[in-house]
Amino acid sequence: MASKFDVERLKGIVVPIITPVTDAYDGKIDIARLCDQVDYVIEHGVDGILAFGSNSEFYMFDDDEMIEATRAIVERAAGRVPVFFGVGHIRTSKAVALAKRAAELNVDAVSVLTPMFIHPTEEANYHHFKAVADAIPDTMVLIYSNPGRAGYAMTRNTISRIAHDCENIVGIKDSSGDITNLQELIRLTDDIDFAVFAGKDTVVFPALCCGAVGAVCSTSNMYPELVCGIYDKFVEGDYKGALENQTKLNPIRLSQDAASFPAATKDMANLMGMNAGPSVLPTEPADGAVLEGMKAAMRAGGYLD
């Protein structure tokens with residue numbers, strides 16, 4: 001069934017953009033450096049920008065701060081790539097209110113996280129997502145499934161039901177890392193326009209092989225050409241080259257797992273000389289053996305001397 005929405009625009013490598021701050025304690029967003037990061041990732045090949053995803057530290061900022069920063073991102077992107085906005089509120093009314101404010105900025109889509117910390121029933125999650133989608137009927141909505149952070153996963157049947165019942169719920173970021181789960185989501189929604197994105201940087205290539213339209217990758221903040229090369233080479237039919245990019249990326253990404261989430265993304269960006277600034281407290285930068293492990297992986301990949 002064809003959608004009235006331009007779902008075809010949802011594809012490729014989407015970056016959950018780093019949110020630079022002026023100070024780790026106060027956490028004031030540095031808009032100038034954020035706009036520099038927007039230019040950097042676009043100029044180096046990303047296909048979309050997600051404002052206030054997990055690696056953007058959405059949980060550290062209030063709604064006004066996120067809206068102000070997203071306005072700057074939309075203006076700086078200037079239509080060069082789609083801009084998505086992440087909503088992570090647990091309370092349905094707050095998620096609806098924030099989604100409506102984001103839609104007024106003319107973002108291309110709103111990404112809604114399954115309510116974290118609590119564990120709603122399947123029916124409650126259905127009603128949560130439907131309430132957000134119904135509140136912004138002219139804006140595309142993506143489900144953001146991150147069982148590792150939310151503490152649970154919605155069933156595939158519930159996701160399929162939401163996708164079929166809500167015309168503007170047009171895709172999902174699946175951060176389970178489970179290729180079978182991702183492939184089943186594709187199968188269950190193959191009769192509608194529904195974009196399935198991988199949410200794990202380490203499985204971009206296998207996800208594309210299964211029919212995913214792309215991936216949301218935090219490492220594309222620092223290594224956009226490497227990460228985007230997985231997708232670009234794949235769609236060009238250079239499967240060997242795409243796999244080589246994935247193989248080169250994985251040790252670098254896996255070295256981050258020993259660090260505190262999400263500090264490793266800014267740690268690596270700063271090691272690359274990108275001036276990303278600190279993570280917002282209480283997240284502290286990696287040090288000692290953890291930092292040395294990331295440096296070693298970056299050196300092996302050719303990104304540090």
Side-chain angles (χ1 to χ4, degrees), residues 1-14 16 47-48 50 53-54 82 84-88 92 95 99 103 107-115 120-150 152-217 230-231 234-235:
M1 182 175 64
S3 170
K4 72 176 185 179
F5 296 98
D6 188 9
V7 183
E8 288 293 319
R9 199 156 184 249
L10 309 181
K11 61 184 178 182
I13 301 301
V14 177
D47 302 290
L50 170 59
S54 297
F84 310 153
F85 178 83
V87 172
T92 300
V107 296
D108 292 86
V110 170
S111 171
V112 182
L113 177 66
T114 48
T121 64
E122 291 296 299
E123 196 68 12
N125 263 325
Y126 174 90
H127 292 146
H128 177 79
F129 279 92
K130 191 173 188 306
V132 175
D134 287 349
I136 51 172
D138 297 321
T139 301
M140 293 188 286
V141 175
L142 302 176
I143 298 166
Y144 175 18
S145 176
N146 191 336
R149 296 294 163 189
Y152 67 97
M154 281 196 296
T155 67
R156 293 189 288 268
N157 286 337
T158 298
I159 292 167
S160 176
R161 179 185 167 204
I162 294 168
H164 282 84
D165 288 356
C166 300
E167 185 179 13
N168 61 325
I169 294 185
V170 298
I172 186 169
K173 176 193 173 187
D174 174 32
S175 293
S176 68
D178 184 335
I179 290 297
T180 299
N181 186 67
L182 182 140
Q183 192 164 13
E184 282 297 284
L185 289 171
I186 293 168
R187 181 182 69 81
L188 290 168
T189 56
D190 66 358
D191 59 327
I192 57 176
D193 285 337
F194 192 78
V196 176
F197 286 89
K200 290 283 187 183
D201 301 40
T202 51
V203 298
V204 180
F205 180 81
L208 294 172
C209 291
C210 292
V213 300
V216 181
C217 298
I230 303 171
Y231 176 81
F234 187 92
V235 297

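Keep in mind that the numbers below use all heavy atoms, side chains included, and drop hydrogens, waters and symmetry copies.
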For residues 195-203, dump all side-chain donor-acceptor pairs below 3.5 Å to protein atoms at least two apart in sequence or in another chain.
{"unit_1": "Asp201", "atom_1": "OD2", "unit_2": "Ser218", "atom_2": "N", "d": "3.2"}
{"unit_1": "Asp201", "atom_1": "OD2", "unit_2": "Thr219", "atom_2": "N", "d": "2.9"}
{"unit_1": "Asp201", "atom_1": "OD2", "unit_2": "Thr219", "atom_2": "OG1", "d": "2.5"}

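How far CZ of Arg149 is from CG of Leu113: 11.5 Å, rounded to the nearest 0.5 Å. Within the model, atoms NE2 of His128 and OG1 of Thr114 stand 8.5 Å from one another, a figure rounded to the nearest 0.5 Å. Of the inter-residue distances, the one linking Phe129 atom CZ with Thr158 atom OG1 reads 10.5 Å to the nearest 0.5 angstrom. Here the CD atom belonging to Glu167 is positioned 10.0 Å from the CD1 atom belonging to Ile192, to the nearest 0.5 angstrom. To the nearest 0.5 Å, atoms NZ (Lys11) and CG (Leu208) are separated by 12.5 Å. The CD1 atom of Ile172 sits 8.5 Å away from the CD1 atom of Ile162 when rounded to the nearest 0.5 Å.
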Val204 and Phe234: CA distance, side-chain angles, deciding distance, side-chain contact (heavy atoms from CB on, under 4.5 Å) verdict: CA-CA 10 Å; Val204 180; Phe234 187 92; over 6 Å; no
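Asn168 contributes no side-chain N or O that, together with a main-chain N or O of Val141, makes up a donor-acceptor pair within less than 3.5 Å.
In this view, Asp108 and Arg9 satisfy the side-chain hydrogen bond (donor to acceptor under 3.5 Å, both in side chains) rule, not counting sequence neighbours. Partners of Asn157 according to the side-chain hydrogen bond (donor to acceptor under 3.5 Å, both in side chains) rule, which considers only residues two or more places apart in sequence or in another chain, do not exist here.
Minimum interatomic distance between Leu185 and Thr189 (heavy atoms only, all atoms of both residues): O-OG1, 2.7 Å. Between Ile186 and Cys210, the closest heavy-atom pair is CD1-O, 3.5 Å. The minimum heavy-atom distance between Pro137 and Phe5, with the atom names listed, is O-CZ, 3.2 Å. Residues Val213 and Leu10 share a closest heavy-atom pair of CG2-O, 3.5 Å. Of all the heavy atoms in His164 and Leu188, the pair that sits closest is CE1-O, 3.3 Å. For the residue pair Pro115 and Tyr152, the shortest heavy atom distance occurs at O-OH, 2.8 Å.
Ion pair Lys130/Glu123 not flagged as a salt bridge, since none of the NZ, NE, NH1 or NH2 atoms sits closer than 4.0 Å to an Asp/Glu carboxylate oxygen.
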